[in-house]
Protein chains: 2
Amino acid sequence: MTAESVETRAERKERTRRAILDAALDLTEDGTLSTLSLRQVAKQVGIVPTAFYRHFASVDEVGLALVDESFASLRALLREVRQGPVDGAAQIVDRSIDTLVAHVHRHRAHFRFIARERAAGPLAVRMAIRHEIELCERELATDLALLPGTAAWSSDDLRVLSGLIVTSMVSTAEALLGAEGRPEAEQQVVRTARTQLRMLLIGALNWHSRT
Amino acid sequence: MTAESVETRAERKERTRRAILDAALDLTEDGTLSTLSLRQVAKQVGIVPTAFYRHFASVDEVGLALVDESFASLRALLREVRQGPVDGAAQIVDRSIDTLVAHVHRHRAHFRFIARERAAGPLAVRMAIRHEIELCERELATDLALLPGTAAWSSDDLRVLSGLIVTSMVSTAEALLGAEGRPEAEQQVVRTARTQLRMLLIGALNWHSRT
DNA sequence: ACTTTGAGTGAACAGCCGTACACTCAAACC
DNA sequence: GGTTTGAGTGTACGGCTGTTCACTCAAAGT
């Protein structure tokens, strides 16, 4: 029988590649990308150090791949929030934060990775992350332009507000990671985030460009 | 004659200690504390590796000392801003941001260090930084309580607002570091920060606790 | 069936790492 | 003036690092 060769060659390669990414994600939980050694990764994956080069030219490239992955899932999250109904402001706030919390739970390792490397990673990785966050800000700004009340806003002011919101959400995500596994601390973070977003929204509603 | 022994023993030790801290600050410009090796530091200072232990038990302890230093100067900054006159809101915003910009220029290395290690440093260092930032938030909250218009605010809401402001200032500082040496980019960051703080202020002025 | 391809192997290398240990020798102390 | 102290020295060690090179050997291509 030789039951249908269960794994094609490309599949096996892809599986190893995934294993490398997962190992890197796991091993950066303590330490940075720059402290992550190729040999540690290889050992955890179960391959010999030199086999690593069949998949990536350096550890930094693994970092860039992880940035792509992380923001791919984050963009999926944002799309999800965005296509929801535009009901009251309070509902938008609550729904956004609930979605963020769920996503941080689901992709904790990715968020931790981004939070760390955003400030401390290799230059190329830092630049990639900064670029992705800027894309998020831009997308949010175009969405905000569609909201009632922002008709008279300058595009600069829209970008400023979206920057403010993104910054607040990033720091909320970081706080959630810090509250790991302590439900009451996490609830506190969620309450704070809700109030923060509402304050921001009130500021926005009373804002008039060109004052 | 033997002209007054120019350096006492304790002075010399202190000078070496400073040299170690400066070297660490300089060498972390590329890489993190965890990638910083005791041997690199020793070489830059001009001492043999083992002499390092006369001053610090580990690289992490150097990190903690640097956290102390950084926030000592930051607290001086905050005191300076705080004791200024309480004129119009716009003046407070402008003065705060100008002071921040000046301070980031003066202590760029320290700010870079904090920005990096806040997310990526050793656990003890991360905790120390988080604690210091929390102190800043608390002090700001008590100052905000003295401002007109916040009389009816709950203490929770005061903390939330001060958290929002601190977060915004931290991200402004990070943006300033990113705009290193490009004056037009830096001016853009300053303009954005001003608008952000004003939006926050408007949100605060229209806020009513317990809604 | 024969050839090519390429993921994974295994030994070897030069270099850096932290740290242990025994030491010097001048300032500080009594 | 003799003794103690302690910052800085020099050597040596085992362990981990990235990268090289020549290799196997089964799947894929022809």
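Residue numbering restarts at 1 for every chain, and letters A, B, ... go by the order of the sequence lines.
Using a cutoff of 4.0 Å between basic side-chain nitrogens and carboxylate oxygens, A:R17 and A:D22 are not scored as salt-bridged. Ionic pairing of B:E174 and B:R112 is not present here: no N-O contact between side-chain nitrogen and carboxylate oxygen is shorter than 4.0 angstrom.
The shortest distance between the side-chain N/O atoms of B:S58 and the OP1/OP2 oxygens of C:dG18 is not below 4.0 Å. Phosphate proximity of D:dA28 to A:T8: present, with a side-chain N or O under 4.0 Å from OP1 or OP2.
Mapped onto DNA chain C by nearest heavy atom, B:T35 and B:A10 fall at different nucleotides, with B:T35 at the one closer to the 5' end.
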Candidate pair A:T28 and A:R116, rule side chain to side chain contact (heavy atoms under 4.5 Å, CB included), full reasoning: CA-CA 9 Å; A:T28 38; A:R116 289 229 164 100; 5.6 Å; no

Do A:H55 and A:E14 pass the side-chain hydrogen bond (donor to acceptor under 3.5 Å, both in side chains) test, and can you show the C-alpha distance, the side-chain angles, and the key distance before you say yes or no? CA-CA 9 Å; A:H55 303 272; A:E14 177 54 27; over 6 Å; no

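Here the side chain of B:Q83 pairs no donor or acceptor atom with the backbone of B:E80 at under 3.5 angstrom. At least one donor-acceptor pair closer than 3.5 Å links the side chain of A:S37 to the backbone N or O of A:Q40.
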Under-3.5 Å N/O pairs linking protein and nucleotides 5-9 of chain D:
from  : atom 1 : to    : atom 2 : distance (Å)
D:dT5 : O2     : B:R9  : NH2    : 2.9
D:dG6 : O4'    : B:R9  : NH2    : 2.9
D:dA7 : OP1    : B:K13 : NZ     : 2.9
D:dA7 : N7     : B:R54 : NE     : 3.3
D:dA7 : N7     : B:R54 : NH2    : 3.4
D:dG8 : OP1    : B:T16 : OG1    : 2.7
D:dG8 : OP2    : B:H55 : NE2    : 2.7
D:dG8 : N7     : B:R54 : NE     : 3.2
D:dG8 : O6     : B:R54 : NH2    : 2.7
D:dT9 : OP2    : B:V48 : N      : 2.8

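To the nearest angstrom, P of C:dC17 lies 15 Å from CG of B:L33. At whole-Å resolution of the value, CD in A:E7 and P in D:dA27 are 11 Å apart. Put simply, CD on B:E11 is 19 Å from P on C:dA26, counting in whole angstrom units.
Within residues 36-43 of chain A, the residues approaching DNA chain D are A:S37, A:L38, A:R39, A:Q40, by heavy-atom distance under 4.0 Å.
In summary, of the residues considered (A:V62, A:T32, A:I114, A:V67), a side chain to side chain contact (heavy atoms under 4.5 Å, CB included) with A:V125 occurs for A:V67 alone.
The side-chain heavy atoms of B:V101 and B:I97, taken from C-beta on, include a pair separated by under 4.5 Å.
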